[in-house]
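Only one structure is covered here, and it is reproduced in the block below.
These figures come from a predicted structure and were not determined experimentally. Both counts, for ligands and for their atoms, begin at 1 and track the order of listing.
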Amino acid sequence: MVELSAAPYPFPFEADRAALVIIDMQRDFLEPGGFGAALGNDVSRLGGVVAPLRRLLLAARAAGLFVIHTREGHRPDLSDLPAAKRRRGRGPLAIGDAGPMGRILVHGEPGHDIVPELAPEPGEPVVDKPGKGAFFATDLDLILRNQGVEQLIICGVTTEVCVNTTAREANDRGYDCLVLSDCTGSYFPEFHDQALRMIQAQNGVVGWVGHSDALVAALAASVVHIQRRAAS
Ligand code: TIU
């Protein structure tokens, strides 16, 4: 166990019980012409997350930490898209409409892909999620429990929407969550700050907030490849 600097108090990191969960680092949220832009957002605000998250991802792979990616999106026939989700927030383009990166937030389209810098490697599960939370209507919980995971390092976008929803879902399911401030991002800086405050408030009512520097250092210092415990 390594104590990582975090708020509201150090996070007791146990690498063999932990997973790095990377939320929705998709072109649809980070690049012009996708879902984020269709909602009226300045997508350039998320760009700063890629470099620190890539550094962490490479450190996690080198150390053997379990890595899992999520993607928000829908079936091409939109049968898993609630009518309310399609109606709400629609700008010039709605979910399922054709845009410059293909149909907005639809499986298999270029915009649905994870950005190349963070592309999943073999052995890293990719969970497709129709909602904001990564546990809703997915097999994420099953995958994590099968791997003996009890701690989640949560990164990705956006801090107050899919990251926060996922942290809350995970917290209620009994996982300890560490959310990394520099590896999460929002279209709204004030929402990013407040979302992180909400997680750590009340002595960690949802979890911990830390920085990737501490985790990267801990992973780099691990002399042996992490031996993950399989669930018994
Ligand atoms: N709109 C917004 O900030 N986020 C989303 O719709 N999805 C995710 O956060 N992934």
Side-chain angles (χ1 to χ4, degrees), residues 20-50 53 57 67-75 78 80-97 99 101-107 109-115 117-120 125-138 140 152-171 177 179-199 206-207 209:
L20 175 62
V21 180
I22 303 180
I23 304 288
D24 301 356
M25 289 297 290
Q26 297 161 258
R27 299 182 64 199
D28 253 325
F29 293 106
L30 282 110
E31 295 184 17
F35 183 53
L39 294 174
N41 297 304
D42 174 4
V43 294
S44 70
R45 291 183 182 271
L46 302 188
V49 176
V50 175
L53 187 42
L57 177 58
V67 177
I68 191 158
H69 306 256
T70 73
R71 296 183 298 203
E72 181 176 348
H74 297 278
R75 296 167 181 257
L78 304 184
D80 60 352
L81 174 63
K85 182 175 178 183
R86 182 170 156 85
R87 272 196 308 269
R88 239 174 324 109
R90 69 177 298 166
L93 291 174
I95 296 171
D97 290 347
M101 291 192 289
R103 295 179 65 205
I104 301 277
L105 226 57
V106 170
H107 298 175
E109 301 288 338
H112 186 255
D113 280 347
I114 291 170
V115 295
E117 297 91 331
L118 303 171
V126 178
V127 171
D128 283 319
K129 61 199 237 326
K132 303 305 179 191
F135 288 85
F136 171 69
T138 74
L140 176 61
L152 306 185
I153 311 297
I154 305 183
C155 301
V157 296
T158 62
T159 320
E160 79 278 17
V161 183
C162 292
V163 168
N164 221 283
T165 306
T166 299
R168 288 164 189 270
E169 288 181 324
N171 184 46
C177 297
V179 179
L180 298 182
S181 59
D182 59 318
C183 293
T184 52
S186 169
Y187 302 116
F188 306 91
E190 68 276 24
F191 289 172
H192 175 78
D193 294 343
Q194 293 296 340
L196 295 177
R197 285 187 64 193
M198 287 178 202
I199 287 167
V206 177
V209 176

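Within the listing of ligand 1, atoms 1 (N) sit less than 4.0 angstrom from a heavy atom of Leu39. Against a heavy-atom cut-off of under 4.0 Å, Phe35 is close to the following atoms of ligand 1: 6 (O). In the vicinity of Lys132, heavy-atom distances shorter than 4.0 Å reach the ligand 1 atoms 5 (C), 6 (O), 7 (N).
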Steps toward salt bridge (charged side-chain N to carboxylate O under 4.0 Å, His left out) verdict (Lys132, Glu169): CA-CA 10 Å; Lys132 303 305 179 191; Glu169 288 181 324; over 6 Å; no
Audit row: Asp113, Arg27, salt bridge (charged side-chain N to carboxylate O under 4.0 Å, His left out) steps and yes/no: CA-CA 6 Å; Asp113 280 347; Arg27 299 182 64 199; 5.3 Å; no
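Residue Ile23 has no nitrogen or oxygen atom sitting less than 3.5 Å from a nitrogen or oxygen atom of ligand 1, judged on distance alone. For a threshold of 3.5 Å applied to N or O pairs, the pair formed by Glu72 and ligand 1 contains at least one separation below that value. For ligand 1, the polar-atom distance check against Tyr187 finds no nitrogen or oxygen pair separated by under 3.5 Å.
Put simply, the side chain of Arg71 reaches to within 4.5 Å of the side chain of Ile114, judged on heavy atoms. Between Thr159 and Gln194, the closest side-chain pair of non-hydrogen atoms is not below 4.5 Å.
In the candidate list Thr158, Leu105, Ile95, Thr158 is nearest to atom 9 (O) of ligand 1, counting heavy atoms. Scanning Phe29, Phe191, Phe188 for the heavy atom closest to atom 5 (C) of ligand 1 points to Phe29.
Ring-plane geometry between His112 and His107 is classed as tilted, the angle between the planes lying from 30 to 60 degrees on a 0 to 90 degree scale.
Heavy-atom minimum distance, Pro82 versus His74: CD-CE1, 4.5 Å. Between Asp28 and Leu105, the shortest heavy-atom contact is OD2-N, 2.9 Å. Here the shortest heavy-atom pairing between Leu46 and Gly185 reads CD2-C, 3.6 Å.
Residue-level proximity to ligand 1 for Val157 is carried by the backbone, the only part with a heavy atom below 4.0 angstrom. The part of Asp24 lying near ligand 1 is the side chain, judged by heavy-atom distances below 4.0 Å. Proximity of Glu160 to ligand 1, defined as any heavy-atom pair under 4.0 Å, is not found for any part of the residue.
Among all protein heavy atoms, the one lying closest to atom 8 (C) of ligand 1 is Cys162 SG, 2.6 Å.
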